[in-house]
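Remarks on the structure that follows.
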Amino acid sequence: MEASALRVARRLTVNGVVQGVGFRPFVHRLAARLGLAGWVRNVAGTVEIHLEGDAPQMDAFESALRAEAPPIARIDDVHSIVAVADGADGFSIAASADADSARPVPPDVATCPECERELFDPANRRHRHPFITCTACGPRFTIIDSLPYDRERTSMKAFAACARCTAEYAAPEDRRYHAETLACPSCGPRVWFEGADGGGRADGDKAVLLAATALRMGAVLGVRGLGGFHLAVDATNDSAVRRLRSRKHRDAKPLAVMVRTLTQARAVARINDREAAALQSSARPIVLLRPREGAPLAPAIAPGLDRVGLMLAYSPLHHLLLHATDRPLVMTSGNLNEEPIAIGVDEGRARLRSLVDAFLLHDRDIVSRCDDSVVRVAESHDILMRRARGYAPVPIFLPAASPAPLVAVGPHLKNTFSLVRTDRAFVSPHIGDLEGIEALEHWQGAYTRYRRLFRVEPTIAVRDLHPGYLSTRIAEELGLSRVIAVQHHHAHIAAVAAEHGVTDPVVGLAFDGTGFGDDGNVWGAEVLVCDLSGYQRLAQLRYVSLPGGDLAAREPWRVAVGYEALAGWQSDAFSLAYYGIPLAQRSSVQQQVERGINAPLGSSMGRLFDAAAAVLGVRRHSSFEGQAAMELEALAGDQPAAPLPFPTYEAEGRLHLDPVPLLIALGEGRKHGVDVALLAARFHESIVEASVDLARLVAGSYGLGTVALGGGAFQNARLLSRIACRLTEARLRVLVPRELSPNDGAISYGQAAVASWLLSRE
Ligand SMILES: [Zn+2]
Ligand SMILES: [Zn+2]
Ligand SMILES: [Zn+2]
């Protein structure tokens with residue numbers, strides 16, 4: 001480039017997810033195209049760009065920087081200042097400048113279209129290579145040990161790049177320029193197949209073909225993937241799916257299905273444009289879709305539900321396997337029940353041997369465990385049901401910077417934890433239920449790894465209010481200088497407000513299964529007025545006895561007994577709830593309620609759904625939390641319906657919603673032969689009507705204009721969409737969970753938001 005009198009210089013700082021996503025090579029190509037000189041380098045978590053040349057070209061550079069950035073990059077902001085030109089010649093990638101600060105780690109990215117093309121191109125040297133990647137795709141978070149992101153700090157360090165790969169790495173015009181994960185058949189990781197007993201080993205392409213044959217014959221396979229093991233079976237083979245269920249001790253919870261292409265997905269499910277976009281996004285989540293009538297999927301995949309969880313292949317190994325089996329595959333977490341998924345080869349062999357007939361393994365280590373994410377496309381927006389692979393660990397901003405690094409340990413069930421440094425929360429992927437030694441070890445392992453990865457050394461812990469949870473013990477035993485407790489539903493609403501950057505008071509509708517209330521009861525349908533510093537509980541669902549405590553969450557008929565007691569044992573509207581329950585058992589539970597023995601009081605929306613399902617005769621026993629609610633939602637579909645009576649009364653200075661007339665109306669309707677699907681729809685509409693009325697009342701009397709919706713009950717798309725829509729019509733601003741799940745996966749972030757706010761004001 002020739003120097004001219006017009007030559008100027010600019011220094012750009014780019015914040016966001018800009019490392020490990022092919023950003024510097026992209027900047028290099030862009031600068032070359034526009035004839036700009038200078039350099040680009042990673043500085044801590046940001047990218048710094050020095051440009052020299054003509055001003056109009058620099059303007060073009062700045063707009064193209066956002067418009068043409070790699071699809072997996074996330075630019076939060078670009079800061080541009082005038083710099084001194086030093087007559088730089090050409091453009092280069094400069095050495096990283098390390099600084100001690102929090103830095104984003106990129107999430108894993110699904111195989112890009114170009115790599116997929118090469119994978120199936122016989123002329124390409126990476127034809128059928130199960131580890132093909134480039135700067136735009138491949139594993140990131142799950143293989144990164146520490147930062148900065150370079151091959152020697154990932155599990156790719158075990159595979160020295162060959163001369164041809166090294167040449168590609170060093171060539172600016174190559175799309176694998178600075179691709180830390182690049183590999184090829186001669187230098188990359190290996191796959192192999194082995195029987196459950198370790199015998200019958202086959203390597204390479206033969207392994208994939210043997211695995212496909214086994215699957216086609218109905219075998220259950222343990223497949224080592226990106227963030228852990230999957231258990232795979234032929235999704236069109238009902239007896240194979242049943243075998244998987246019985247081995248995994250998973251009776252009814254829906255199983256995810258993987259296909260290779262969108263066309264194949266359309267053959268099994270009805271998919272609208274937004275759902276197609278979610279399926280094809282670089283995060284490749286499981287998307288909950290309506291199955292097509294007559295789709296060749298085994299009935300045992302999602303019994304009783306109107307949705308099937310579908311995802312597209314996201315790693316080259318998946319592409320090869322699905323290509324060879326030529327049918328949809330069930331791909332469910334490689335674990336028993338709710339235990340953490342297995343990741344290591346030996347660990348997988350040991351823990352999954354009894355569940356599988358054979359394994360498809362590889363020798364690239366998984367550093368961080370990461371489940372598949374789950375998305376539901378609702379009318380109003382996409383609901384992230386589980387935030388893990390493809391999303392974590394991208395930081396989520398907090399409205400207030402914390403003056404001290406902290407860890408929010410999260411809830412008891414569906415745990416995630418968050419590390420906080422200044423105004424960034426690094427929310428862990430889904431950890432699971434904190435029950436048992438394995439979950440505890442998994443938690444501690446992830447905590448140790450995250451501290452190193454993000455260079456956050458917490459001095460303060462944040463926990464739930466419940467004194468007895470394992471998460472509380474974890475927080476207390478970390479030995480930090482201070483522990484802050486945050487109420488569960490306050491955390492739910494704080495999470496939603498904080499991700500939207502809202503710090504003013506809002507009306508919060510917190511609807512979920514279980515959270516420990518400040519009066520010692522089980523909360524779960526609360527109307528709060530709150531901001532990040534605190535909350536007032538202005539309305540609740542009327543308390544009901546939950547005979548058996550935790551057992552009531554698995555046996556909806558028990559909750560119905562609690563409500564029948566509130567009805568004074570007078571109504572025969574509850575009779576369907578006890579169908580098939582032995583009389584002796586029923587009367588002992590009735591006594592439990594009357595005497596208040598092991599029958600905690602609860603105001604839970606989840607339990608109200610359970611009771612309604614029991615009263616309607618839909619479900620009396622659940623095999624997983626939320627099953628009854630999912631079935632009621634499936635029954636209701638989107639048919640319009642009028643609400644049933646769901647009155648409020650005032651007591652203890654608060655409004656109480658009384659579901660007894662509602663449940664009686666459901667039971668009587670059923671007795672008079674009203675269609676159960678219509679009754680399920682009327683039940684939903686009753687909750688919508690009552691919540692909207694309450695929210696408007698509270699907003700009006702407190703002069704508030706914003707309502708936040710949080711809690712696991714808002715995974716119900718009908719409930720969420722209808723309430724959001726009605727509140728919007730009433731000219732209220734509605735905040736819904738977008739970056740995080742409505743369910744307890746968001747609790748650690750909510751805890752972090754509250755604690756950061758409090759600490760920043762001390
Ligand atoms: Zn690629
Ligand atoms: Zn190579
Ligand atoms: Zn909750």
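First listed ligand is number 1; within each ligand, the first listed atom is number 1.
- Checking M605, Q715, H492 one by one against D512, the side-chain contact (heavy atoms from CB on, under 4.5 Å) holds for a single residue, H492.
- Residue-level check: among N/O/S atoms of D744, OD1 sits closest to the Zn ion (ligand 3).
- To the nearest 10 degrees, the angle centred on the Zn ion (ligand 1) between SG in C134 and SG in C115 reads 110°.
- Centred on the Zn ion (ligand 2), the angle running from C187 (SG) to C162 (SG) is recorded as 120°, rounding to 10°.
- Taking 4.0 Å as the cut-off between side-chain N and carboxylate O, E118 and R176 count as a salt-bridged pair.
- The pair R389-D108 does not count as a salt bridge, with every side-chain nitrogen at least 4.0 angstrom from each carboxylate oxygen.
- Taking the centre of each ring, Y177 and Y169 stay at or above the 6.0 Å mark.
- Of the angles at the Zn ion (ligand 2), the one spanning SG of C165 and SG of C184 is 110° when given to 10°.
- The N, O or S atom of D512 with the smallest distance to the Zn ion (ligand 3) is OD2.
- Annotation: H490 is in aromatic contact with Y535 [ring centroid separation under 6.0 Å].
- The distance from the Zn ion (ligand 3) to the nearest N/O/S atom of H489 is not under 2.8 Å.
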